[in-house]
Amino acid sequence: MITFSKPTVEQFFRTYVITNFSVSNDEKKLIFSANLNGKMNLWAMDLPDTYPYLFAHHDESNSFIKIDPENRYVLAGFDKDGDENHQIYAIANEGGLPQPLITGDPSEKFFLSHLSEDGQRIYYMTSEGNPSFLNTRVRNLEDNSDEIIHVGEVSPTNLTAVSDDEKKFVYLRSFANTYVTGFVKVGNETYSLTPDPNKVHVTFEPVFVDETIYFVTDYDSEYSYVAKFDLNTKEFSQVLSIDNESINSLEWDKTNKLFYLLTENGVQDNLYKYNLSSEKLEKLSTPVDVIEKVQVVKSGSVYILGRSATIPHNIFQSADGSGWEQLTNNRVLGLSTEDMVEPDVVSYKSFDGMEIEALLFKAKPENDNGHTIFWPHGGPQASERKFFRSMFQCFLNRGYTIFAPNFRGSTGYGSSFVKLVEQDWGEGPRLDCVAAIEWLFENNITDREKLFLVGGSYGGYMALLLHGRHAEYFKAVVDIFGPSDLFTFVNSVPAHWKPIMDRWLGDPERDKERFIKDSPVTYLDGMVKPMLVIQGAKDPRVVKEESDQIVEKLTAEGREVEYLLLEDEGHGFSKKENEIRVYSRMLEFLEKHQG
Ligand SMILES: CC(=O)N[C@@H](C)C(=O)N[C@@H](C)C(=O)N[C@@H](C)C(=O)O
């Protein structure tokens with residue numbers, strides 16, 4: 001009989017990511033962004049035909065897709081090599097090469113906010129002339145006029161909703177990830193959507209429904225809920241909350257007068273349907289655990305993009321939220337879901353008794369190499385969830401067990417929990433990681449001599465910090481674009497992040513002692529284990545200098561450090577060949593240091 005060899009790294013990394021999609025009003029065209037041909041491009045399906053064809057070729061990451069309601073053109077945002085300076089392009093309705101529409105100097109950003117119902121006016125935000133707070137402008141496609149309608153001030157300000165008559169505008173102003181206020185502008189009048197904008201809370205997902213603005217907020221609450229602002233009485237009131245779940249997105253079905261609500265519940269999402277007139281809330285079953293986008297079209301059909309731990313990104317459609325048809329067939333080359341690993345959701349007590357949830361991916365006995373990878377997630381105000389990562393499934397297949405804790409500061413566990421990392425990047429979350437490691441040993445999941453540490457972004461920062469302060473736990477460490485020095489990091493982030501750095505991380509002068517204590521570079525002497533550092537040269541969030549400096553300093557001390565720099569990537573690896581290069585190198589590095 002013919003026997004086949006074990007799956008290769010290449011097999012896992014030939015899985016594609018779908019980052020976004022949009023369906024035309026008539027549901028004849030579905031456009032999605034994916035790296036199907038190795039780089040990120042736009043692909044389309046002429047529904048009900050689900051065979052994808054190349055729709056727009058640009059080889060760059062996409063930030064949005066918007067189809068003209070009259071099907072004359074498509075708008076899309078692209079950056080350059082991961083620099084996140086997204087600009088707005090137009091594509092013919094039949095597809096082709098994107099042509100610049102609202103663009104400027106390559107260092108500027110242009111974000112789509114809203115396209116008018118008739119497809120004639122494009123509302124957008126730009127860094128041009130206001131890099132920290134952003135300005136809002138409207139481009140009229142009929143006469144090509146372009147005017148400013150709002151000057152951002154105080155903090156980054158985003159136009160988030162426009163009424164059908166284009167006379168009322170909702171703006172959100174961010175002071176932190178956990179402090180976002182909303183206000184509506186009607187003529188010369190401005191009203192706060194919540195009773196007191198000076199109270200710390202978030203406001204997002206505003207939707208105009210006749211004379212009411214529905215939105216999501218955690219105003220005076222631990223979990224975010226749906227609230228409304230009555231434009232006639234100017235009154236705020238609560239509409240709907242779901243016990244212990246944070247409502248995260250709100251999609252309005254205009255035809256059936258109902259909302260699709262997406263909630264974040266720890267490591268997975270739930271989808272609900274809420275009928276506005278009957279006030280009936282219905283929980284829907286979904287084909288995936290984590291949903292990244294929901295779109296409801298004119299007919300009332302609902303489309304979702306999502307993934308589970310063993311199911312890569314796919315797009316599904318349902319007539320009414322019950323029963324899903326899978327439209328894309330994105331799968332891992334030659335492997336079934338049974339060949340992969342579904343995580344266990346576990347929890348452990350941290351140093352102060354706080355309960356921390358975590359995902360434990362156990363290597364299958366036939367693959368198990370006895371080693372564990374400890375993975376602190378990025379963000380930090382994000383979480384590790386039940387979503388497919390080709391890197392995880394590949395490493396599991398090679399025999400590594402993976403442990404990913406949702407340390408304090410992670411999202412999905414209420415507003416107070418997520419705030420615990422603010423102005424405390426290096427103490428509480430680090431001790432949660434240390435408690436997790438001890439828990440792995442105590443429960444015989446991991447052998448003391450067989451632990452690796454791998455993390456990206458904030459997870460890379462945590463990997464560096466844990467390495468510097470607790471090197472005894474690890475055999476070797478992989479840092480993927482992690483901040484290495486909080487003093488240099490705080491000054492090098494994108495301009496529109498700067499106004500929120502104080503609440504998020506702190507002030508380098510006021511908090512000098514803490515910045516020193518929590519900066520990985522303070523602990524160079526402790527970084528004695530072999531290390532691999534990976535960085536995208538165009539990363540605008542954690543700039544190349546953050547990795548350069550730690551590599552230079554450790555090399556000067558004679559430590560064992562490998563450095564992989566990718567010239568055409570930013571904060572992530574969007575190009576297939578780069579992804580394969582990065583993860584093959586990581587695997588080689590781990591195998592070399594198994595001992
Ligand atoms: C709204 C927003 O973008 N806020 C940013 C300050 C933010 O939280 N960004 C994170 C998603 C991020 O990029 N963090 C880096 C450091 C990481 O990936 O960990």
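Throughout, numbering of the chain's residues begins at 1 and tracks the sequence. In each ligand, atom 1 is the first atom listed, and ligand 1 is the first ligand listed. None of these values were measured; they are calculated from a predicted model.
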- Query: Just which atoms of ligand 1 are under 4.0 Å from any heavy atom in Gly378?
  - Reply: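 Heavy-atom distances to Gly378 below 4.0 Å select 19 (O).
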- Task: Check ligand 1 against Tyr458 and write out every atom of the ligand that is under 4.0 Å from a heavy-atom position of the residue.
- Result: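 Per the distance check, 17 (C), 19 (O).
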Of the side chain and backbone of [X], name the one, both, or neither that has a heavy atom under 4.0 Å from an atom of ligand 1.
{"X": "Tyr461", "result": "neither"}
{"X": "Val493", "result": "neither"}
{"X": "Trp497", "result": "side chain"}

- Run down the list Pro156, Ser457, Ala176 and name the one with the heavy atom closest to atom 18 (O) of ligand 1.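 Ranked by closest heavy atom to atom 18 (O) of ligand 1, first place is Ser457.
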- Message: Is any side-chain heavy atom of Leu112 closer than 4.5 Å to one of Tyr123?
- Response: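 With C-beta onward as the side chain, the pair stays apart.
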Do [X] and [Y] have a side chain donor and acceptor closer than 3.5 Å?
{"X": "Gln381", "Y": "Trp504", "value": "yes"}
{"X": "Thr488", "Y": "Gln549", "value": "yes"}
{"X": "Lys185", "Y": "His150", "value": "yes"}

- At the 4.0 Å heavy-atom cut-off, does Gln381 count as touching ligand 1?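 Contact absent.
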- Can you find a non-hydrogen atom of His571 under 4.0 Å from ligand 1?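 Per 4.0 Å heavy-atom rule, His571 contacts ligand 1.
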- Indicate, with yes or no, if the rings of Tyr458 and Phe407 have centres closer together than 6.0 Å.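 Yes.
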- How about Trp375 and Phe403: are their ring centroids closer than 6.0 Å?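 They do not qualify: ring centres at least 6.0 Å apart.
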- Task: Given side chain to side chain donor-acceptor pair (under 3.5 Å), test Tyr223 with Asp218 step by step and report yes or no.
- Result: CA-CA 6 Å; Tyr223 291 92; Asp218 66 349; over 6 Å; no
What's the shortest distance from [atom] to any protein heavy atom, and which residue and atom give it?
{"atom": "atom 11 (C) of ligand 1", "result": "Arg541 NH1, 3.8 Å"}
{"atom": "atom 10 (C) of ligand 1", "result": "Gly379 O, 3.5 Å"}
{"atom": "atom 4 (N) of ligand 1", "result": "Asn177 OD1, 2.9 Å"}
{"atom": "atom 6 (C) of ligand 1", "result": "Ile500 CD1, 3.5 Å"}

- Item | Test: Arg307 cationic atom under 6.0 Å from Phe388 six-membered ring centre, within 45° of axis |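 So Arg307 doesn't make the cation-pi contact.
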